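We're numbering straight along the sequence, starting at 1. Predicted model, so just to flag it, every value in this text is computed and none were measured. Heavy-atom basis, side chains included; hydrogens, waters and symmetry copies ignored.
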Amino acid sequence: MFVNIMMCPALLLQSFIWISLMGKGVQYDVTHIVSRMCVVQQSSVLIPCRYTSPTEQVSAAEWFFERSPEQKVRVSQDPVFESRGEFVQPDAGNCSLLLKDVRESDAGIFRFVLSTASGRNWTNDQGIQLEVTDAELEVKTESDVVMEGDWILLVCGSCIPSMTVPTYIWRKDGHLHKQNHGENILVLESVELQDGGRYSCTISGHERLKSTSAEVTVRPGYPPKSVSVSISPSGVIVEGDSVTLSCSSDSNPPALIFSWFKEKQSSAVGSGQSFIISSFNSSHSGRFYCKAQNQHGSQRSASVSVTVKESSSSLITVAVGISAAVVLISVILMVFFRLLIRRKRVTSSEEQNPRGSRHSKTLEAPEDTYMTLDPQSRCSEYDTLDNMKRSCENTDDPKAQDPTYYNIVQ
């Protein structure tokens with residue numbers, strides 16, 4: 001059955017899908033600008049098509065429908081599309097298909113085929129994928145049991161219609177809850193007990209479409225959240241102080257299990273809501289965090305840095321040690337420089353005196369010592385030690401000379 005394309009000008013503008021044949025010598029290609037459409041169930045959709053007339057005469061032009069690779073039918077011959085599928089007169093390159101009262105079974109691939117007098121068929125292997133949606137409501141949650149603080153995602157239909165940008169109307173317990181334009185999801189974040197109820201959705205312009213509803217039940221209680229650590233004392237921590245770390249959280253019921261961890265350590269370092277470190281020293285310094293837990297779950301806190309400040313006695317010891325080291329280094333440097341200067345002076349004096357003078361001075365030194373004696377007391381000539389003694393001791397004093405003995409012969 002042929003219909004005038006002017007019957008649905010609005011639909012043509014809202015859902016325009018080009019299927020064109022472009023000549024390349026003797027070859028023609030079928031192309032699609034878009035390859036997928038979403039249609040609301042029980043509505044009508046126009047799948048527009050336009051082609052450029054080839055030089056060869058067109059012998060046939062028709063639409064094929066493919067539910068699966070094994071199920072391919074001609075739209076014009078399938079009883080399922082009888083009185084629902086209307087092929088626009090292939091006039092002036094027009095080849096649009098109008099599909100009325102869209103059903104869920106119409107979801108599949110529609111493909112346009114052009115045949116020429118030479119027996120060639122031209123089409124596009126990809127075709128156009130048609131999706132059919134309704135107002136069926138789907139609920140997606142974090143877990144099977146929705147607790148306080150969880151999130152819930154409600155989805156209305158399987159896709160968003162391509163022809164128009166619809167408005168989704170959400171109701172809770174029969175009362176208007178929210179309207180979303182062009183968005184078929186409703187997100188409930190951090191739900192509370194009052195968020196429980198029966199939800200349903202409709203699509204504007206398709207209110208007669210049957211809608212399903214879903215019951216959302218929120219159970220009281222939620223796992224720990226907003227877990228944090230506080231430090232006491234909050235000011236400067238001096239070595240030897242007692243440090244207390246406290247863990248707090250928001251949970252229902254209140255968290256009863258607390259564990260303490262130090263970064264870069266695999267196992268827990270403590271337990272309980274408070275963690276006390278007595279006589280804090282530098283070995284305890286690091287980043288700590290806690291984990292709070294109840295029957296619904298657990299959560300850890302951010303890490304806090306705990307460091308110790310050196311005590312005054314330690315600082316004095318360090319200062320004294322540094323001062324002593326400075327003094328010692330100064331003394332060593334002074335001694336070194338004095339030895340260096342003295343060595344330079346000696347070297348300079350030796351360079352000024354010739355080598356021979358030094359030897360002469362060394363040889364004359366003993367003679368100078370004995371020059372203090374009386375020259376007359378010295379004896380310059382002697383033959384024997386006995387004569388030397390006599391000569392040296394009696395030269396000046398006649399009385400002191402030994403008597404001369406003569407041998408008198410009688």
Side-chain angles (χ1 to χ4, degrees), residues 7-17 33-48 84 98-108 110 128-223 225-226 250 252:
M7 289 178 56
C8 306
L11 293 178
L12 178 61
L13 293 175
Q14 293 171 352
S15 178
F16 215 94
I17 298 181
I33 289 181
V34 295
S35 60
R36 187 178 297 272
M37 293 183 67
C38 177
V39 184
V40 178
Q41 191 174 335
Q42 300 178 6
S43 64
S44 298
V45 60
L46 179 67
I47 306 176
R84 293 195 307 117
L98 177 64
L99 187 61
K100 300 178 181 179
D101 188 22
V102 177
R103 305 170 185 176
E104 186 178 359
S105 60
D106 293 338
F110 287 83
I128 300 174
Q129 179 72 46
L130 187 67
E131 298 179 57
V132 181
T133 184
D134 54 17
E136 183 177 354
L137 186 63
E138 181 183 5
V139 180
K140 297 181 180 181
T141 62
E142 289 184 78
S143 59
D144 295 337
V145 179
V146 180
M147 308 295 298
E148 289 182 90
D150 288 349
W151 58 264
I152 301 176
L153 179 66
L154 304 176
V155 183
C156 186
S158 58
C159 60
I160 300 177
S162 306
M163 295 189 305
T164 60
V165 181
T167 298
Y168 289 86
I169 304 169
W170 296 91
R171 288 181 171 82
K172 176 191 172 187
D173 297 329
H175 303 286
L176 179 64
H177 178 72
K178 192 175 183 180
Q179 294 186 15
N180 290 340
H181 185 65
E183 188 175 354
N184 67 334
I185 61 173
L186 175 65
V187 181
L188 302 177
E189 296 180 315
S190 188
V191 297
E192 301 177 353
L193 293 177
Q194 57 266 31
D195 290 326
R198 180 166 290 277
Y199 289 82
S200 62
C201 71
T202 55
I203 304 174
S204 60
H206 303 277
E207 286 79 6
R208 59 186 177 85
L209 187 65
K210 183 180 179 181
S211 174
T212 58
S213 61
E215 183 72 28
V216 174
T217 302
V218 181
R219 296 186 180 182
Y222 52 91
K225 58 183 180 179
S226 303
D250 176 19
N252 184 19

Verify, without hydrogens or angle tests, whether Ser204 (side chain) and Thr167 (backbone) share a donor-acceptor contact under 3.5 angstrom. yes
4.5 Å side-chain heavy-atom contact, Thr217 and Val146: no
The salt bridge (Lys or Arg N to Asp or Glu O under 4.0 Å) partners of Glu136 (sequence neighbours excluded) come to none
Measure the shortest side-chain to side-chain distance between Leu193 and Pro220 over non-hydrogen atoms and say whether it is less than 4.5 angstrom. yes
Interatomic spacing from CD in Gln179 to CZ in Arg171 - rounded to 0.5 Å: 8.0 Å
On a heavy-atom basis, the closest approach of Val132 and Ser158 is O-OG, 3.6 Å
Minimum heavy-atom distance between Met37 and Val45, given as atom pair plus value: CE-CG2, 3.5 Å
Considering non-hydrogen atoms only, spot the tightest contact between Ser162 and Arg36 and give its length. OG-O, 4.4 Å
So do Pro166 and Ile160 actually touch side chain to side chain, heavy atoms under 4.5 Å? yes
What are the two closest non-hydrogen atoms of Asn184 and Gly157, and how far apart are they? ND2-O, 3.7 Å
Residue list, salt bridge (Lys or Arg N to Asp or Glu O under 4.0 Å) with Asp150, at least two apart or on another chain: none
Considering only heavy atoms from C-beta outward, does the side chain of Val40 approach that of Leu209 to under 4.5 Å? yes
Measure the spacing between CD1 of Ile185 and CG of Leu153 and express it to the nearest 0.5 Å. 5.5 Å
Tell me, with the steps shown, if Asn252 and Glu148 meet side chain to side chain contact (heavy atoms under 4.5 Å, CB included). CA-CA 9 Å; Asn252 184 19; Glu148 289 182 90; 3.5 Å; yes
For the residue pair Val218 and Gln194, establish whether any side-chain heavy-atom pair is separated by less than 4.5 Å. no
Leu176 and Ile169, any side-chain heavy atoms less than 4.5 Å apart: yes
Could you tell me the separation between the CG atom of Leu186 and the CG atom of Leu154, rounded to the nearest 0.5 Å? 5.0 Å
Any salt bridge (Lys or Arg N to Asp or Glu O under 4.0 Å) pairs touching residues 187-205, not counting sequence neighbours? Arg198-Glu215
Would you call Lys172 and Lys178 a side-chain contact if the rule is heavy atoms closer than 4.5 Å? no
Regarding Gln42 and Arg208, do their side chains bring together a donor and an acceptor under 3.5 Å, going by distance alone? yes
Got a sec, which residues hit salt bridge (Lys or Arg N to Asp or Glu O under 4.0 Å) with Arg219, two or more places apart in sequence or on another chain? none
Within the distance-only criterion (no hydrogens, no angle test), does the side chain of Arg84 pair as donor or acceptor with the backbone N or O of Asp101 below 3.5 angstrom? yes
Quick one: which residue pairs count as a ring pair (Phe, Tyr, Trp, His ring centres under 6.0 Å) with a foot in residues 134-181, not counting sequence neighbours? His177-Tyr199
Considering only heavy atoms from C-beta outward, does the side chain of Val155 approach that of Leu137 to under 4.5 Å? no
Looking at Lys225, I'd like to know if its NZ atom is crowded, meaning that more than 12 non-hydrogen atoms belonging to other residues, nucleotides or ligands lie closer than 6.0 Å. yes
Minimum heavy-atom separation for Ser211 and Ala135, please, with both atom names. OG-O, 3.6 Å
With sequence neighbours left out, write down each residue that passes ring-ring contact (aromatic ring centres under 6.0 Å, His included) with His206, or none if nothing qualifies. none
Nearest 0.5 Å please: distance from the CD atom of Glu138 over to the SG atom of Cys201. 11.0 Å
Report the distance from atom OG of Ser43 to atom CZ of Arg103, rounding to the nearest 0.5 Å. 13.0 Å
Measuring from Leu130:CG to Ile47:CD1, what's the distance to the nearest 0.5 Å? 5.5 Å
